[in-house]
Structures are given as structure tokens and as C-alpha cells.
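For the numbers below, each heavy atom of this structure counts, side chains included, while hydrogens, waters and symmetry mates do not. Each chain gets a letter, A, B and so on, in the order the sequences are listed, and its residues count up from 1.
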Protein chains: 2
Amino acid sequence: MSKINIDQVARYAFVSRSVVSRVLNNHPHVSDVARERVLNVIKKYNYQRNSAARSLAAKNTREIGILSTRNPNDVMSNGFSTLLYLGVFEECLAQRYSVRQMFISTEMKEEFQKFILNEHTLDGVILFAEEVTDLLAEELLFREIPAVLIGHAPGFSSISSVDVDNFAGSYSAVTHLVRLGHRNIGAMVGSQLLQESQDRLAGYRKALVDAGVPVNEAYVSVGGYTQKSGHDKMLSRIKRQPEVTAWFCASDTMAMGALSALHKSGQRVPDDVAVVGFDDLSFARYTIPPLTTIRQPIYQKGRYAARMLIDLINGKQTDIEHRNLKPDLVVRESCGHHSGMRHKGGHAP
Amino acid sequence: MSKINIDQVARYAFVSRSVVSRVLNNHPHVSDVARERVLNVIKKYNYQRNSAARSLAAKNTREIGILSTRNPNDVMSNGFSTLLYLGVFEECLAQRYSVRQMFISTEMKEEFQKFILNEHTLDGVILFAEEVTDLLAEELLFREIPAVLIGHAPGFSSISSVDVDNFAGSYSAVTHLVRLGHRNIGAMVGSQLLQESQDRLAGYRKALVDAGVPVNEAYVSVGGYTQKSGHDKMLSRIKRQPEVTAWFCASDTMAMGALSALHKSGQRVPDDVAVVGFDDLSFARYTIPPLTTIRQPIYQKGRYAARMLIDLINGKQTDIEHRNLKPDLVVRESCGHHSGMRHKGGHAP
DNA sequence: TTGTACGCGTTATCAG
DNA sequence: CTGATAACGCGTACAA
């Protein structure tokens with residue numbers, strides 16, 4: 001199956017190169033007979049355009065990049081990244097775009113900029129994780145490379161973004177705990193350098209305030225979005241703050257670590273302590289006990305981000321948009337079902 | 001920062017286009033002064049080659065594809081895919097290749113072949129998951145597109161591959177259980193259409209035979225590599241085969257599901273039943289109890305696959321290689337530590 | 001509606 | 001060692 005080019009197609013179809021190009025690109029002004037002939041030749045010889053030549057002439061590559069952090073912890077614990085990629089990929093496939101995958105870290109910032117961004121090789125990029133945004137947003141803006149952010153980046157509001165409503169998510173999680181009768185509710189959240197984490201913490205506070213429950217800042221624990229972090233933080237909290245009867249964890253991974261620590265310490269969930277997570281990763285049904293959590297539409301996030309980016313590339317969308325997807329509370333067993341008051345231990349110090 | 005092309009560089013450096021190209025590609029026959037001048041201009045104007053033009057002229061793209069299955073279950077439960085991608089990416093980065101990510105399913109086979117494989121747009125591909133191999137291997141061979149497989153594909157031994165030694169892994173897992181005193185040992189494995197699953201099952205059988213423990217085929221349960229499968233299978237087995245005191249699960253995800261089912265059924269792990277997994281995903285430390293499992297070098301798999309592929313592309317490697325990486329037993333708590341005999345329930349029916 | 005001719009930015013060839 | 005010049009395959013004004 002020797003590769004055949006547009007000129008050969010033209011020759012075999014007894015037309016000129018332009019006609020072939022026009023039917024290829026669905027341009028008008030082609031007679032039915034000519035189109036027919038071209039199409040036949042294309043099918044017969046299984047002709048496919050050379051994408052490099054296409055890119056060269058068209059000055060675009062129909063390829064976008066998705067950049068995530070190289071941080072091993074995050075990479076490994078962010079169980080949802082594959083699902084997110086899938087969303088991005090499928091939207092791109094539908095629009096005949098390809099997606100190039102990249103992981104970047106602080107150390108390779110320059111390396112990256114030279115090799116990746118400079119060669120006019122990507123039509124646009126999706127930034128996944130604020131870490132990445134902080135590293136590259138300025139440069140992308142400067143080079144006028146279309147970009148969409150998955151998540152939030154307060155410092156770069158000129159970049160369109162898709163995110164879940166983190167505030168609303170944690171608000172409903174904590175409200176759920178309050179309704180179950182909890183008063184001493186702890187929070188395990190991610191780095192407050194991340195807007196996302198700030199929002200989730202804010203939702204926690206607001207839920208307490210709205211419920212008339214005093215906010216105790218000593219109950220807030222800041223760590224990373226990993227099982228390890230959730231585990232280690234919880235282990236140290238159990239002894240120091242036994243009066244806490246419920247924990248809001250800002251991710252399912254953290255929550256899983258917390259459950260593990262609770263178990264080691266002989267605490268029963270949900271009988272002694274309630275735990276609620278965030279994300280609803282696929283494993284959340286299978287923790288012990290199954291995790292009550294906040295579901296966020298991960299696949300949709302990826303899909304929507306890709307759509308926004310492609311619209312941006314094609315000039316279909318010019319104004320920036322910050323889209324907030326709605327999260328849902330998924331009640332399983334880690335908080336118990338019963339309502340009514342509960343008491344255990346004393347009050348906050 | 002307007003883009004500048006090779007001709008401009010040549011002009012500013014008072015040399016011809018050819019000289020510039022030669023220094024760019026590290027070709028010999030360039031005088032030191034000329035090289036110097038060119039390099040200066042390149043730096044001054046921050047010149048970067050246009051990759052499309054490069055590909056067009058060089059007939060290669062310096063981009064490889066990594067193809068995994070679109071199967072949502074697998075996509076979501078294969079927690080190690082991100083780590084694998086990272087390995088592939090970092091090897092490619094080191095060798096200045098890019099990686100394009102794709103998910104493919106049976107339904108879109110043709111679609112895929114047309115859009116992805118036909119446009120001379122990838123220098124080679126890494127096949128991740130046998131499912132993908134079965135779908136595409138023939139076509140790749142036919143088109144003479146370099147390919148490397150992560151995993152095994154018995155039907156396509158002409159494609160180089162990297163894998164963990166699945167047989168050795170399950171062998172040591174089961175041997176561990178035997179040494180702990182277990183006699184009635186069950187196995188939960190993946191689809192036997194996959195060579196990987198066959199090998200893991202074979203290791204299980206051999207370990208039993210070598211230990212003088214009779215193999216009971218009724219103790220083998222075949223399912224998918226997901227928490228759900230592990231959970232559901234275990235739930236149905238507990239009642240029917242209470243005499244089984246230990247389970248070898250062919251993946252950590254399955255094992256996690258199994259632990260969940262065991263807990264629901266009131267079985268204590270490891271006191272009543274022991275469980276061993278496979279993979280050592282990052283969550284394995286945080287299951288309840290922490291999972292004893294077989295660690296496989298996931299990142300290395302990706303890294304090595306990429307290296308093999310690039311060698312293949314550049315003709316550095318011509319003969320096919322089937323590399324088997326060594327797995328390690330990681331002892332945690334899900335099997336207990338104590339040795340000695342144990343008895344519980346009756347014998348197999 | 002169709003065809004011609006040129007541009008896109010590089011790499012490779014082959015005289016000088 | 002250097003520099004024209006010819007591919008590479010496609011898109012697209014512009015002319016017919």
C-alpha cells in the first residue's frame with residue numbers, strides 16, 4: 001500500500017489538484033461528477049492526506065496539549081486524571097483533533113517552554129492543575145496560545161476555565177454532617193495556595209455558620225490530596241481532638257487515608273466518627289465503610305474544557321468563560337443514615 | 001515576538017540556508033565562525049524550527065502514540081495508567097519525542113484506523129492493554145508502523161513487548177499464602193482471554209502444586225480487574241466456599257473490592273480470611289487492612305517501552321525483544337505475619 | 001466550475 | 001566548507 005499524494009489522485013480522477021483539495025475540504029463549487037470521480041479514486045487507492053503538509057500550509061496542527069503536573073504524589077493519587085483525559089480525548093476525536101499529553105514540573109520549566117511551546121506545534125493547551133497554570137499561564141498569554149484551565153486560577157482570570165463548584169460541594173457535604181447531628185466537625189483540606197482548596201474550605205465554614213455551629217479553626221487540617229496525607233493527619237488528630245465526631249475530607253483519596261487511620265486507632269466509622277469525601281472516584285463505593293462523598297462530573301469537565309478550547313482556537317468563542325459544574329451529594333455509609341442528635345466527648349478546647 | 005524562519009536566520013548571519021540547517025542538525029562541514037554567527041542569531045531572535053515543515057521534509061514526526069482501551073471500567077480502575085504514561089512521557093522527553101494519547105474501543109476501530117493511523121502522523125505506537133493489541137496489531141504490522149506492546153500478546157510474538165513477570169508474581173504471592181499455613185486458597189483472576197491473566201493463574205496453580213497442595217478448580221473465579229468485580233465475586237464466594245481461608249487477587253483493585261465484600265459479610269481480614277493483591281498501587285497501603293501485594297515496576301514499564309519503541313524507529317534495534325520485569329512481594333497486613341498451620345471450616349465439596 | 005502557480009519552512013543533493 | 005536548487009504535499013488566490 002504505497003502512499004499516494006494529492007497530485008496522483010488528481011491525475012487518476014482526471015481533474016486538477018484544486019478540485020481534489022476542494023472535495024477534501026468540503027468546499028463548494030465542485031461539480032457532482034468531479035466529486036464522484038475524486039471520491040472513487042480516494043477510496044480505491046485509500047488516499048489519506050499528509051498531516052505535516054497540511055499543517056505547514058494551513059498553519060495549524062489540529063493538535064492540542066493537555067498539561068498536568070509531574071508531581072508524583074499528585075500524579076498517583078489523582079485517580080481521576082484518566083477519566084478526565086478520556087473526556088478531553090473524546091471531544092477532540094469528535095472534532096478531529098489530537099491530544100498530546102505532557103507532564104511538567106518546576107525544574108523543567110524552561111526545557112519545556114523551548115521544546116514544547118516554541119515550535120508552533122500545538123494549536124492550544126489545556127492546563128490541568130493550578131501548579132501548571134502558575135508555571136505557564138504568563139508565557140501562554142504572552143505567546144497568545146489559546147488555553148483553557150481545568151480548575152481555578154485567581155491570578156489569571158483572563159483564561160477561561162471549567163471547574164466543579166467547590167464551594168457548593170463542600171457546603172452540601174458539611175450541611176449533611178450537621179443535619180446528622182454533628183457539631184464538632186473537622187476539615188482536612190489541600191494546600192491553601194490552591195484556589196480550589198480555599199473554596200472547599202470556605203464552603204465548610206459557611207455551612208457551619210449558616211447552621212449556627214461555631215467555627216473552630218483548630219479543627220482545620222491542611223495537607224495534600226493523597227491517601228498518605230489523609231492518613232497521617234488523621235492519626236495525629238484523633239488523639240488531640242477526640243471530641244470531633246465528623247470529618248470533611250476535601251478528596252476521596254484523603255478520606256481513604258483517614259478511614260485507614262481511624263481503623264488503626266480503633267475508631268468505628270460511622271458509629272464513632274463520620275467521614276465524608278469529595279470527588280466520588282470509582283473506589284469510593286468500596287472503602288470500608290463505603291464513602292459518602294461529593295460527586296463531581298470529571299469526564300464532563302474534560303469534555304467541556306476541550307470544547308471550549310477548540311472554540312477558542314477557531315474563534316467561535318472570544319469572550320472568556322468561567323464555567324462551574326454542579327456537584328452532587330452521594331450518600332453511602334461513612335456518615336450513617338440516621339438523623340437526630342449525637343453526643344460524644346466534650347466540647348472544643 | 002514574531003516568528004522568524006530559517007531564511008531570515010541565514011540572512012542575518014550572512015550565510016546560506018544550508019549552513020543554518022547544518023548547524024541546526026549538528027551536521028559536520030561547518031566552519032566555526034559560521035556556526036558561531038548562526039548560533040548568535042538563533043539566540044538573539046529566539047528562532048525555533050517549524051515542526052510541520054520539518055516533518056514534511058524529514059518524513060517523520062518525532063511523535064509516538066500511546067493507545068489504551070476506552071473501556072470505562074478498565075480506564076477507571078487501572079489506577080496505574082497515569083504512572084505508566086509518566087514513564088513513557090519522560091523517556092520521550094529525554095529523546096525529544098512527543099506522545100499523543102489515545103483511547104480506542106472496538107466500535108471505533110475503523111474510525112480510528114482512518115483518522116489516526118493513516119495520516120503518516122505517528123512514528124510509532126505503544127500498545128497498552130491486549131484488547132488494543134488484538135484490535136490493531138495486524139493493521140500496524142501491515143502498515144509497517146513500529147510498535148511496542150506493554151503486556152503480552154501470544155498471537156503477535158513479532159511485536160516487541162515489556163511486561164512484568166506475571167507468573168513469577170502470582171507464584172510468589174501464592175507461595176506466601178501457603179507458607180502462612182493456608183491450604184484452601186482461592187484465586188480471583190481477570191479474563192482468560194488475556195495472556196496476562198492466564199499467566200497469573202498459571203503461577204497460582206504452579207505454586208500450589210510445588211507446595212503439594214491440591215489444586216481445586218472450583219476455587220478459581222474469573223472476573224474483571226475492577227473493585228466491583230472483586231467485590232461481587234467475593235460476596236458470592238463467601239457463602240458457597242467458606243472453607244477458603246485465603247484469596248489471591250490478580251489486582252489490587254480486585255483485592256480492594258474483595259476486602260469490602262469480606263467486611264460486609266462479617267469476615268475479619270486477616271484473622272478469618274487472608275487476601276493478597278497484585279500491582280502495589282498507591283492506595284494499597286491504605287486499604288483496611290493494608291494490602292500485602294505484588295509490586296510491579298509500572299513507571300519503568302512505560303519508560304522501557306518508550307525506549308524500545310524509539311530504538312525501533314531509529315533502526316537501532318531490529319530484533320524483537322520480550323522483556324520481563326521482576327515483581328516483588330510486599331508484605332503488609334492483609335495476610336497476617338504469623339506462620340504455622342491454620343484450620344477453619346471443612347474441606348472443599 | 002476548473003486549473004495554474006505560488007507559498008509554507010525544512011532537509012537533502014550536488015555542484016562549486 | 002558553502003550555497004543554489006529541488007523536493008516534501010497541500011491550500012489557495014487568481015485567472016480562465
Peer 1: Does B:Arg22 contact D:dG3 through a side-chain donor or acceptor facing the base, at a distance under 3.5 Å?
Peer 2: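 Pair found.
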Peer 1: B:Ile6 has an atom CD1; how far is it from atom C1' of D:dT5, in whole Å?
Peer 2: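 Going from B:Ile6 (CD1) to D:dT5 (C1'), I get 14 Å.
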Peer 1: Taking CZ from B:Phe14 and P from D:dT2, how many angstroms apart are they, rounded to a whole number?
Peer 2: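 The answer, rounded to whole Å, is 15 Å.
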Peer 1: Any salt bridge (charged side-chain N to carboxylate O under 4.0 Å, His left out) pairs touching residues 18-44 of chain A, not counting sequence neighbours?
Peer 2: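 As it turns out, there is no salt bridge (charged side-chain N to carboxylate O under 4.0 Å, His left out) pair with a partner in residues 18-44 of chain A once direct neighbours are skipped.
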Peer 1: What is the separation between atom CG on A:Asp7 and atom C1' on D:dC8, rounded to the nearest whole Å?
Peer 2: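 After rounding, the reported distance stands at 11 Å.
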Peer 1: Could you check whether A:Arg62 pairs with A:Asp123 (Lys NZ or Arg NE/NH1/NH2 to Asp/Glu carboxylate O, under 4.0 Å)?
Peer 2: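 Answer for the salt bridge query: no.
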Peer 1: Please report, rounded to the nearest Å, how far the P atom of D:dG9 is from the CG atom of A:Asn60.
Peer 2: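 Rounding to the nearest Å, CG of A:Asn60 and P of D:dG9 are 19 Å apart.
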Peer 1: Take the protein atom CG of B:Asn26 and the nucleotide atom C1' of C:dT11, then report the distance between them rounded to whole Å.
Peer 2: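 To the nearest whole Å, that distance equals 14 Å.
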Peer 1: Which residue, A:Ala53 or B:Asp32, contacts DNA chain D at a nucleotide closer to its 5' end, judged by nearest heavy atom?
Peer 2: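 Here B:Asp32 is the residue nearer the 5' end.
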Peer 1: Is the shortest side-chain N/O distance from B:His27 to OP1 or OP2 of C:dA12 below 4.0 Å?
Peer 2: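 Checking C:dA12 against B:His27, a side-chain N or O does come within under 4.0 Å of OP1 or OP2.
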Peer 1: Quickly work out the A:Arg11 CZ to D:dC10 P distance and round it to whole Å.
Peer 2: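 Nearest whole value for this atom pair: 13 Å.
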Peer 1: Side chain of A:Ser160, backbone of A:Glu321: donor and acceptor closer than 3.5 Å?
Peer 2: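 Yes, A:Ser160 side chain to A:Glu321 backbone: donor-acceptor pair under 3.5 Å.
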Peer 1: Should B:Ser21 be listed as having a side-chain N or O under 4.0 Å from OP1 or OP2 of C:dT11?
Peer 2: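 Affirmative; the distance criterion is met.
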Peer 1: Can you say whether the rings of B:Tyr85 and A:Tyr85 are parallel (under 30°), tilted (30 to 60°) or perpendicular (over 60°)?
Peer 2: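 The arrangement is tilted - the two ring planes meet at 30° to 60°.
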Peer 1: Tell me if the side-chain of B:Arg54 makes a donor-acceptor pair with the base of C:dT11, cut-off 3.5 Å, by modelled atom types.
Peer 2: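 Not at all, since no donor on one side and acceptor on the other fall under 3.5 Å apart.
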Peer 1: From the set C:dT1, D:dT2, D:dG9, return the single nucleotide nearest to any side-chain atom of A:His29.
Peer 2: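 The listed nucleotide nearest to A:His29's side chain is C:dT1.
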Peer 1: Once you apply a heavy-atom cut-off of 4.0 Å, does B:Ser31 come out as touching a base, just sugar-phosphate, or nothing?
Peer 2: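 Sugar-phosphate contact only - B:Ser31 comes under 4.0 Å of backbone atoms but never of a base.
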Peer 1: 5'-most contact on DNA chain D: B:Lys59 or B:Ser18, nearest heavy atom basis?
Peer 2: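 First, find each residue's nearest nucleotide; the 5'-ward one identifies B:Ser18.
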Peer 1: Nearest whole Å is fine: how far is D:dA13 C1' from A:Arg17 CZ?
Peer 2: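 Answer to the nearest Å: 14 Å.
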Peer 1: D:dC8 C1' sits how many Å from B:Leu56 CG, rounded?
Peer 2: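 One finds 4 Å between C1' of D:dC8 and CG of B:Leu56, rounded.
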Peer 1: Consider the side chain of B:Asn50, meaning its heavy atoms from C-beta on, and name the nucleotide among C:dG9, D:dC10, D:dG11 that approaches it most closely.
Peer 2: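 Shortest atom-to-atom distance from the side chain points to C:dG9.
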Peer 1: Report which part of the nucleic acid B:Ala10 touches: base, sugar-phosphate, or nothing (heavy-atom distance under 4.0 Å, all strands).
Peer 2: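 No contact.
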Peer 1: At 4.0 Å (heavy atoms only), tell me whether A:Val20 reaches a base, stays on the sugar-phosphate, or touches nothing.
Peer 2: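 No contact.
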Peer 1: A side-chain contact here means heavy atoms from C-beta on lying under 4.5 Å apart; do B:Ile320 and B:Ser157 qualify?
Peer 2: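 SC-SC contact between B:Ile320 and B:Ser157 ruled out.
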Peer 1: Measure from the side chain of B:Asn25, starting at C-beta and using heavy atoms only, and say which of C:dG3, C:dT11, D:dG11 lies closest.
Peer 2: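 Of C:dG3, C:dT11, D:dG11, C:dT11 is nearest to the side chain of B:Asn25.
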Peer 1: B:Ala57 side chain: which of C:dT2, D:dC10, D:dC8 is closest?
Peer 2: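 Per side-chain heavy atoms of B:Ala57, the pick is D:dC8.
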Peer 1: My understanding is that only one of A:Leu141, A:Leu136, A:Leu140 makes a side chain to side chain contact (heavy atoms under 4.5 Å, CB included) with A:Phe156; could you say which?
Peer 2: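 With A:Phe156 as partner, side chain to side chain contact (heavy atoms under 4.5 Å, CB included) holds for just one option, A:Leu141.
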Peer 1: Taking N and O atoms by type only, does the side chain of A:Arg49 place a donor or acceptor under 3.5 Å from a partner on the base of D:dG9?
Peer 2: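 Result: no qualifying N/O pair found.
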